[in-house]
Amino acid sequence: MKRLVALAAMALAGCQQQREAPAPATSETAAPAAPAASSTPAPATPPSPSTSRIPANVLVGWATAVTLRDWGTVRAYWGNQGGDSGLTPAQFGEKWDVLKAPRVEIGDGQQEGAAGSLFYTAPVTITDGARTITGEIVMRRVNDVDGASAEQLRWHIESSTLTP
């Protein structure tokens, strides 16, 4: 079952509280309505990469940043706070800024372990107007080993086949 990141999920992912249960799945397929003039304004501080121990929750945070078009936060979900994306912040923003009103759907992911690391792979679809981008995101974190840094222990994007 696919999850569509809606406005409610954006609000939850943007708050500083960490939930340890996966975000609820929804079968909603309509795009979130454009905010009304009297709607609650977006938070002054954009969400930062999730440090949840549940990879599905981390992907919801990433999807929220994509929906908000917060390219700095989207990049920071990559390893080494974005350095492993292979792009500078300016290059990353330029590449992703072609998306004008993205909606993100995250499919059910699969987790597996290998040689001291955990991997989580999930299919992702980004719909932006008439354009649809499909691919996978592979996230990784180091198993709980002595001496591992906080950066190594957080779920982060290892690779992606998504091309905006």
Side-chain angles (χ1 to χ4, degrees), residues 2-109 120 122-139 141 151 154-164:
K2 289 189 174 185
R3 281 180 266 164
L4 179 66
V5 178
L7 292 175
M10 289 189 293
L12 286 173
C15 74
Q16 295 302 318
Q17 298 174 358
Q18 295 297 322
R19 293 176 19 158
E20 287 305 316
T26 178
S27 60
E28 182 181 333
T29 57
S38 63
S39 69
T40 305
T45 305
S48 60
S50 173
T51 57
S52 174
R53 301 282 285 189
I54 298 174
N57 287 356
V58 174
L59 273 180
V60 168
W62 171 85
T64 298
V66 170
T67 302
L68 293 173
R69 300 180 74 243
D70 179 0
W71 308 133
T73 299
V74 173
R75 181 179 178 272
Y77 272 90
W78 282 80
N80 291 316
Q81 294 297 316
D84 289 351
S85 70
L87 300 171
T88 67
Q91 291 168 329
F92 192 93
E94 184 177 310
K95 178 180 178 179
W96 282 82
D97 206 39
V98 298
L99 301 177
K100 300 304 177 195
R103 287 187 353 231
V104 179
E105 292 180 51
I106 302 168
D108 292 332
Y120 183 81
V124 175
T125 301
I126 300 173
T127 305
D128 186 44
R131 184 174 179 208
T132 301
I133 303 162
T134 59
E136 284 188 335
I137 289 182
V138 177
M139 296 186 351
R141 75 176 286 274
E151 175 66 16
R154 82 173 174 99
W155 282 106
H156 60 272
I157 297 173
E158 180 78 4
S159 64
S160 174
T161 60
L162 295 168
T163 305

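Keep in mind the model is a prediction, meaning the values are calculated, not measured. We number each residue from 1, following the sequence as shown.
Across all their heavy atoms, Leu99 and Arg131 have their closest contact at CD2-NH1, 4.2 Å. Scanning both residues, Arg69 and Pro102, for their nearest heavy atoms gives CG-CD, 4.0 Å. Among all heavy-atom pairs drawn from Trp62 and Val74, the shortest one is NE1-CG1, 3.4 Å. Minimum interatomic distance between Val58 and Tyr77 (heavy atoms only, all atoms of both residues): O-CE2, 3.4 Å. Closest non-hydrogen pair, Gly82 versus Ser85, comes out as O-OG, 2.8 Å. Ser52 approaches Ser50 most closely through the heavy-atom pair N-OG, 3.1 Å.
Distance alone, capped at 3.5 Å, is enough to place a donor-acceptor pair between the Arg75 side chain and the Leu87 backbone.
Taking the side chain as every heavy atom from C-beta outward, Pro49 and His156 never approach each other to under 4.5 Å.
Shown here is Glu94, whose CD atom has no more than 12 heavy atoms of other residues, nucleotides or ligands within 6.0 Å.
Partner of Val104 under the side-chain contact (heavy atoms from CB on, under 4.5 Å) criterion, chosen from Ile133, Thr127, Asp128, Val66: Val66.
Relative ring orientation between Trp155 and Tyr120 is described as perpendicular, the plane-to-plane angle rising above 60° on a 0-90° scale split at 30° and 60°.
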For residues 157-164, run the donor-acceptor check on the side chains, cut-off 3.5 Å, and write out each pair with its distance to 0.1 Å, sequence neighbours left out.
from	atom 1	to	atom 2	distance (Å)
Glu158	OE1	Arg140	NE	3.0
Ser160	OG	Glu136	O	3.4
Ser160	OG	Leu162	N	3.0
Thr161	OG1	Glu136	N	2.7

